[in-house]
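A, B, ... follow the sequence lines: proteins, then strands. Residue 1 opens every chain.
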Amino acid sequence: MSSPTFRLYNTLTHETEPVEPIEEEHLRFYSCGPTVYTYAHIGNFRSFVTADLIRRTAEALGWDVTNVSNVTDVGHLTQDDLVDPGGADKMQQALEREGERFANIYDLARHYTEAFLDDWRALNLREPEVRPRATEHVTDQLEAVIELVETGHAYTTDRGVYFSVDSIDDYGHLSGNTEAEQLQATDRDVVEDPGKQDPRDFALWKHDPDHLMHWHSPWGWGFPGWHIECSVMGMRYLGNRFDLHTGGEDLIFPHHDCEIAQNKALAGGPTVNYWVHTRFLQVEGKKMSKSEGNFYTVRDLINPDSSRDDHHVPLPLRKNGGVDPLALRYTLLQGQYRKPFNFTLDTLETAARHVQRFRDASERVDDAIEADVDGPDPIGPELGDCYDEMLAAMCDDLNTPAATAAALDGVKTIEQADRLSGAAAYSARHWLDRTNALLGIVKSEHDTSDASPSEADLSAAHLSGSIDELLAEREAARKDGEYARADAIRDTLDALGIEVMDTPDGPQWDRKREL
RNA sequence: GGUGACGUGGCCGAGUGGUCAGGCAGAGGCCUGCAAAGCCUCCUACGGCGGUUCGAAUCCGCCCGUCACCUCCA
């Protein structure tokens, strides 16, 4: 069948448009990454998952993909900074907060970058082709700022260098914040640089020799403005024209409006065709915040033992002590990226069960492939249709709830097949692999095999001997009709956190799911 | 004040003019010594008020509500 048309909502035009890459069947896009001053939370990852799904959908269509996804490891200004140029930025604040942990600001950045990449892999996100760091491109940024000054798009004051928004057309088009007066009208708690020519002008370079990260420039020691790094790194790796740019909705203004302005000035015209923004998620119906107690970092959930305050996480479906990372990913797919999404632990629990169904089906299929029983393949065509449905849903502005619903139908098809012939198993394997390539919810694509077993594994191994004994005893009791004794044994196991299930193939047990 | 998004059953969430979303929870049934799991069936909603139409959750208007951004938070 012919491929569906890949459509995405473009913030620039307020319309869902067919994605037509500049280079045929080669999608080139830039994703705004995190500032690494703390552990990433699940909301951060919602937008990275969006970028990952764009990649996967494009690849499913047979396209090549080049994705640049940056890490912002330069601490940028907080509002306090504008009041007091010697004040702290977010990274500096973090360093002050956790002084003993890190030798210096670069150590802190390195630590949180590594943690971010761990989370990235845990959530089964595919690697970008280029992952540039802002600190590695300061020279490029300086050159860009110099060029902007030389071409009359920027000017200097004694506090820094500013981009002149009047020097280009249509500043603020992306966000709709086009009126200077309206920007001024808002009650902003910001002290302006009196040298600024227009209240909308934004910093390209900040003069500040005392900043913890500073570089030499024609304007003295200082550090680059926030917006310039993405312009420079995007154009450096993707050229003056590329297809698409992703980020969280908060970046629409000012970050992306400023980036568009800079790119226009540097490239002589528009650089990006499609702007895709991910909506913030809420948790339990409220804005995620530490004071509400509904703030979850990724590692809070998937690795609670290593987190300092994990007591507030009522963990559903623990797996080796934490939430199954794929369940977290699956949960994030339960809402379309462009709509407000209410993240709840209830949804997470459900997601864990669904992900387990994919795993179980996958194991069953592998066994059936090994057994390779002769027989017909009654499920192949159905699974093929199911995949088409999933891909069509993804192409429809990343309709992940519809895609996962279709995927669930597929796994149900496999579950309901009485016996899997070798042929049917092969079809199922093919479907599971393609489903995983598209949605990443069946198994991790990163090597996460842990050489050293976790404590939970060890205690499970220690327990399993006695569990088997108890189970055998219970089976004997059941055979003799001593159900009271059998139930008592089951209660004992239950108290140990072991759940017993009688199946046609004999009793099975699993660690009990908590919530 | 400005800008942008969104309001679907107990809950989460698809659906853009007329026949199905799906999941979770709940009810009944099959299976089971009893459970668990699984399977089958049931539960029929579209913020409010107008309008367009033979017909609207779906299009238009107004209102109400929620969320986000408005100089560095994905």
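- Residue D487(A) contributes atom CG, which lies 17 Å from atom P of U32(B) at whole-angstrom precision.
- Of the possible polar contacts, none joining the Q197(A) side chain to the Y162(A) backbone as a donor-acceptor pair under 3.5 Å is found.
- Taking only side-chain atoms of F280(A), from C-beta outward, the nucleotide of C69(B), A5(B), C72(B) with the closest atom is C69(B).
- Put simply, the side chain of L439(A) does not reach to within 4.5 Å of the side chain of R56(A), judged on heavy atoms.
- In a base pair of the Watson-Crick type (N1 to N3 plus N6-O4 or O6-N4) or a G-U wobble (N1-O2 and O6-N3), with each distance short of 3.5 Å, G55(B) is matched with no nucleotide.
- Smallest separation of non-hydrogen atoms from T57(A) and C395(A): CG2-SG, 3.9 Å.
- For A405(A), the listed nucleotide lying nearest its side chain is A21(B); candidates were A14(B), A35(B), A21(B).
- Summary of the strand contacts: D409(A) and Q336(A) both lie near RNA chain B, and taking for each the nucleotide with the nearest heavy atom, the more 5' one is attributed to Q336(A).
- Closest contact between the side chain of S47(A) and the listed nucleotides C6(B), A5(B), A74(B) involves A74(B).
- What you find for T135(A) and D73(A) is that their closest heavy atoms are OG1-OD2, 2.7 Å.
- Across all strands shown, G22(B) pairs with C12(B); the Watson-Crick or G-U wobble distances both stay below 3.5 Å.
- Across G9(B) and A27(B), the matching C1' atoms stand 16 Å from one another, rounded to whole Å.
- Nucleotides G1(B) and U44(B), compared at atom P, are 42 Å apart to the nearest Å.
- Rounded to whole Å, the distance from CZ on R485(A) to P on G33(B) is 18 Å.
- Listed nucleotides C67(B), G33(B), G22(B) differ in distance to R478(A); the shortest reach to its side chain belongs to G33(B).
- Here I252(A) lies out of heavy-atom contact (under 4.0 Å) with every strand.
- Toward the 5' end of RNA chain B, the nearer of the two residues T404(A) and F343(A), judged by each one's closest nucleotide, is F343(A).
- Proximity of K339(A) to the phosphate of G13(B): no side-chain N or O atom is located under 4.0 Å from OP1 or OP2.
- Atom P of nucleotide C6(B) and atom NE2 of H277(A) are separated by 15 Å, given to the nearest angstrom.
- Under the Watson-Crick or G-U wobble criterion, with both distances below 3.5 Å, C49(B) is paired with G61(B).
- Of the candidate nucleotides A74(B), G4(B), C34(B), C34(B) has the atom lying nearest to any side-chain atom of R490(A).
- In this structure, Y171(A) has its ring center at least 6.0 angstrom away from the ring center of F163(A).
- Between G47(B) and G28(B), the two P atoms lie 32 Å apart (nearest whole Å).
- With C34(B), G15(B), C73(B) as the choices, the nucleotide that has an atom nearest any side-chain atom of Y37(A) turns out to be C73(B).
- Between V298(A) and L123(A), the closest side-chain pair of non-hydrogen atoms falls below 4.5 Å.
- Remark: the R279(A) side chain and the A5(B) base include a donor-acceptor N/O pair separated by less than 3.5 Å.
- Ring-centre distance between Y39(A) and Y112(A): below the 6.0 Å cut-off.
- Among the atoms of the strands shown, base atoms are found under 4.0 Å from some heavy atom of R474(A).
- Between the C1' atom of C72(B) and the CZ atom of R159(A) lies a distance of 17 Å, rounded to the nearest Å.
- Summarising the base pairing, G38(B) is matched to C30(B) through a Watson-Crick or G-U wobble pair whose two defining distances lie under 3.5 Å.
- Closest approach of N124(A) to G440(A), counting heavy atoms only: ND2-O, 3.1 Å.
- When the C1' atom is compared between C43(B) and G22(B), the two are found 15 Å apart, to the nearest whole Å.
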Quiz item: With the sugar-phosphate defined as primed atoms, P, OP1 and OP2, and the base as all remaining atoms, what B/S/- string results for nucleotides 38-47 of chain B, 5' to 3', for protein heavy atoms under 4.0 Å?
Solution: -SS-------
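- Here, G50(B) and A57(B) have their P atoms 14 Å apart, quoted to the whole Å.
- For H214(A) and F223(A), the ring centers are positioned 6.0 Å apart or more.
- Distance R200(A) CZ to G2(B) C1': 14 Å, rounded to the nearest Å.
- The two residues I379(A) and A428(A) make their nearest non-hydrogen contact at CD1-CB, 4.3 Å.
- Across A14(B), C73(B), G23(B), the shortest atom-to-atom separation from the side chain of N44(A) is found for C73(B).
- Of the listed nucleotides (C24(B), A74(B), G13(B)), C24(B) has the atom at the smallest distance from the side chain of D346(A).
- R478(A) and A486(A) get closest at one heavy-atom pair: CG-CB, 3.6 Å.
- Across all strands shown, N342(A) has heavy atoms under 4.0 Å from sugar-phosphate atoms exclusively, and none from any base.
- Base-pair partner of C72(B): not found among the strands shown (Watson-Crick or G-U wobble, both distances under 3.5 Å).
- Pairing of C43(B), defined by two Watson-Crick or G-U wobble distances under 3.5 Å, is not identified with any nucleotide.
- When the P atom of G15(B) is taken as reference, atom CD of E389(A) falls 13 Å away, rounded to whole Å.
- Comparing the same atom, P, in C20(B) and in C42(B) gives a spacing of 14 Å after rounding to whole Å.
- Remark: P of C11(B) and CD of Q334(A) are 18 Å apart, rounded to the nearest angstrom.
- Taking atom C1' in both G51(B) and C73(B), the straight-line distance is 43 Å, to the nearest Å.
- Straight-line distance between the P atoms of U3(B) and C11(B): roughly 33 Å, to the nearest whole Å.
- Each of G22(B), C24(B), G13(B) was ranked by its minimum atom distance to the side chain of T350(A); first place goes to C24(B).
- Straight-line distance from the CG atom of L281(A) to the C1' atom of C12(B): 14 Å, rounded to whole Å.
- If you check every strand for non-hydrogen atoms under 4.0 Å, G247(A) touches sugar and phosphate atoms only.
- Heavy atoms of F341(A) sit under 4.0 angstrom from primed sugar atoms or phosphate atoms, though from no base atom.
- Between C67(B), A74(B), C6(B), one nucleotide has an atom nearer to the side chain of Q282(A) than all others, and that is C67(B).
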